[in-house]
Amino acid sequence: MDNQAMHTGSTSSYTKVQFLQRQAASLLLYQSVLQSEVGSTFLDLLQAIRYTNADARGCLQAYGSYFQALAARNQNWEEYLITQILISDNPFTKLAQRREFANLPPALIAAVQHDLQVLQSLYECSSASLSEWVQDVAYLPISPIVWYQEPEEVEVTKGLVTSLQQLENWADAVEDLAAYYRQFGTGLFAEYRALRWQAGHFVGIQYPDTIKLNLLVGYESQQDALLKNTAFLLSGEAALNVLLYGSRGSGKSSLVKALLNEYSDQNLRLIEVAKSELQDLPKIVEHLRGVPQKFIIFVDDLSFDADDDVFKALKVVLEGNLTPRPQNVVVYATSNRRHLIPEFFADRPAPQDNNEIHAWDTMQQKLSFSDRFGLTLTFEPADQKTYLKIVQHLAAQADINITPEDLEYQALQWATRHNGRSGRTARQFIDFLKADLALFGANKNIPET
């Protein structure tokens, strides 16, 4: 059956399909390009249309799956293929991040050149061509609709994409590709700005919080200190681990998240680690060592029980062990407690205690754990002046048009009836007021709760 020509004399189409299948099967390093849903549906479609007496219904279903996969990603086939090349995680892309091109193994470079030529042939198999082949196999009067979307030009990748599109032979782009990997990294760290560590793996966060620095007011000195430390990280200088502690709702977490939106275009990445995953911190750091991105490991609402040993893993990362902490990684933790491990009066040793001989040392180790952060930023509870300053700033950002007196009166009423004065309360008030004004017009009274 494989040797039969496709119907209506389209032997050349059949030959092309067979050629593309052999090419795809010969990939040495970039197999991951075809392992996502789009790649899998592309291969399934080739398989469905390669036979003379192919099942028309099966071909149409395979084409529909391929169309839907492209539409779900909102990418054209060509755009998808190049994107996957740029984020591929394989032995070449990993080594290219750590070594100069001249020091890469010749066999590895030869394998990449082979794969790039293969991928170029797949790139040239457009969705329009596939649609025509399906029309031929399924005896359709017209070809199925072709998925097409105007591609978005991303400044970072535009130069390399243009270079690939214009090259007659993609194999000539190996050195440029290695330089790209060295600068921008690969895999999940190239694909996502924010990630979380979950069950032993990095998981990309598709839609991270969009909070911006210009929305955060009231704690300018703390913000300036954190921005300066983050600038050290981005420049490759030794940056400090930071503990942000203070009253709830003061914007500690929002400040850390806003850094990502400010500096992600400078290769900053934010990795969220829950307290339950802290024992993996040394492992996480080793994954980040030697890659081009800069990482903030974000631990929110940090505190430990008195008998909690998880803090030992964090201690290793904060202070280092025989392997020093890489300079592209810092820990930013928030907490409502200055002393992260609670101290009880019963913990304080009395002279007649017959328990631990050096109990004072144990207690001091607990109390000094927060001191292991190089920088501690304190967020005091918002007084009325600070609270109203935050409200006024957010109201201006939201284009809320009421008198200052009315805004101040309603803001104070809201704080009294809800969660007290804080940045979080101010944000909740402004969100409510904006929606209320949009739906019901001028509003004079905050509803009772």
Side-chain angles (χ1 to χ4, degrees), residues 194 208-231 239-263 268 270-275 296-304 314 330-342 369-398 400 407-408 410-434 446 449:
D209 196 327
T210 58
I211 186 72
K212 297 290 184 67
L213 285 173
N214 62 7
L215 293 176
L216 304 175
V217 295
Y219 297 93
E220 283 75 14
S221 63
Q222 294 89 333
Q223 183 176 133
D224 289 345
L226 195 62
L227 289 176
K228 182 180 290 187
N229 192 66
T230 305
L240 301 174
N241 299 307
V242 182
L243 174 65
L244 301 87
Y245 93 93
S247 59
R248 58 190 176 87
S250 56
K252 304 182 296 295
S253 301
S254 295
L255 180 54
V256 177
K257 294 173 186 176
L259 294 173
L260 180 66
N261 299 310
E262 186 75 12
Y263 298 118
L268 181 66
L270 189 67
I271 297 180
E272 184 180 61
V273 180
K275 180 191 168 185
I296 295 173
I297 295 177
F298 177 43
V299 186
D300 199 18
D301 197 19
L302 179 64
S303 65
F304 301 106
L314 180 56
V330 292
V331 176
Y332 286 0
T334 70
S335 179
N336 296 333
R337 299 178 57 92
R338 173 64 178 86
H339 295 298
L340 301 177
I341 304 172
F369 183 73
S370 57
D371 297 336
R372 290 176 167 86
F373 288 87
L375 179 63
T376 299
L377 303 177
T378 305
F379 291 72
E380 301 289 350
D383 56 20
Q384 181 167 303
K385 180 180 178 181
T386 300
Y387 170 69
L388 291 176
K389 178 182 177 182
I390 297 171
V391 167
Q392 290 157 3
H393 180 80
L394 293 177
Q397 293 282 333
I400 290 177
L407 179 67
E408 179 177 318
Q410 292 195 49
L412 293 175
Q413 288 287 98
W414 182 275
T416 299
R417 296 171 181 170
H418 291 79
N419 301 315
R421 296 187 297 262
S422 71
R424 181 183 298 150
T425 301
R427 162 57 62 190
Q428 292 166 346
F429 165 67
I430 291 299
D431 287 344
F432 176 87
L433 184 60
K434 183 178 180 180
I446 295 297
T449 58

Just jot down the side-chain hydrogen bond (donor to acceptor under 3.5 Å, both in side chains) partners of R424, sequence neighbours excluded, or say none.
-> none
Under 3.5 Å, is there a donor-acceptor pair between the side chain of N261 and the main chain of I211?
-> yes
In Å, rounded to the nearest 0.5 Å, how long is the span from CG of D224 to CG of N229?
-> 12.5 Å
Considering residues at least two apart in sequence or located in another chain, which fulfil the side-chain hydrogen bond (donor to acceptor under 3.5 Å, both in side chains) criterion with N241?
-> none
Contacts of Q222 that satisfy side-chain contact (heavy atoms from CB on, under 4.5 Å) - sequence neighbours left out | Y219, L377, F379
Taken in chain and number order and not counting sequence neighbours, the residues that satisfy ring-ring contact (aromatic ring centres under 6.0 Å, His included) with Y263 are none
Which value, rounded to the nearest 0.5 Å, describes the distance between I296 atom CD1 and L268 atom CG?
-> 4.5 Å
Mind checking the OG1-NZ spacing from T378 to K252? Nearest 0.5 Å is all I need.
-> 10.5 Å
Just by distance, do the side chain of E272 and the backbone of L270 share a donor-acceptor pair under 3.5 Å?
-> no
Would you find a donor on one side and an acceptor on the other, under 3.5 Å apart, between the side chain of T425 and the backbone of G420?
-> yes
Where do T230 and Y332 land on the side chain to side chain contact (heavy atoms under 4.5 Å, CB included) test, with the steps shown first?
-> CA-CA 10 Å; T230 305; Y332 286 0; 3.0 Å; yes
Euclidean distance, L259 CG relative to K212 NZ, rounded to 0.5 Å | 13.0 Å
For A225 against L375, the heavy-atom pair lying closest together = O-CD2, 4.3 Å
With sequence neighbours left out, write down each residue that passes side-chain hydrogen bond (donor to acceptor under 3.5 Å, both in side chains) with S254, or none if nothing qualifies.
-> none
Quick one: closest heavy-atom pair of P208 and A194, and the distance?
-> CB-CB, 3.8 Å
Exercise: identify the closest heavy-atom pair between K257 and F298 | CE-CE2, 4.1 Å
To the nearest 0.5 angstrom, please state how far the CG atom of L240 sits from the CG atom of L226.
-> 10.5 Å
Kindly determine whether R427 and L215 satisfy side chain to side chain contact (heavy atoms under 4.5 Å, CB included), including the steps that lead there.
-> CA-CA 9 Å; R427 162 57 62 190; L215 293 176; 3.7 Å; yes
Are the side chains of Q410 and L433 in touch, meaning some heavy atoms are under 4.5 Å apart?
-> yes
Would T334 and L255 satisfy side chain to side chain contact (heavy atoms under 4.5 Å, CB included), going step by step from the backbone distance to the final call?
-> CA-CA 10 Å; T334 70; L255 180 54; over 6 Å; no
Show the numbers, then the answer: is there a side chain to side chain contact (heavy atoms under 4.5 Å, CB included) between L407 and F429?
-> CA-CA 10 Å; L407 179 67; F429 165 67; 3.9 Å; yes
Quiz: residues 384-398 side-chain donor-acceptor pairs under 3.5 angstrom, not counting sequence neighbours:
| residue | atom | partner | partner atom | Å |
| --- | --- | --- | --- | --- |
| T386 | OG1 | D383 | OD1 | 2.8 |
| Y387 | OH | A411 | O | 2.7 |
| H393 | NE2 | N214 | O | 2.4 |

Exam field: side chain T416 to backbone L412, donor-acceptor pair closer than 3.5 Å | yes
Decide yes or no for D301 and N336: does some side-chain heavy atom of the first lie under 4.5 Å from some side-chain heavy atom of the second?
-> yes
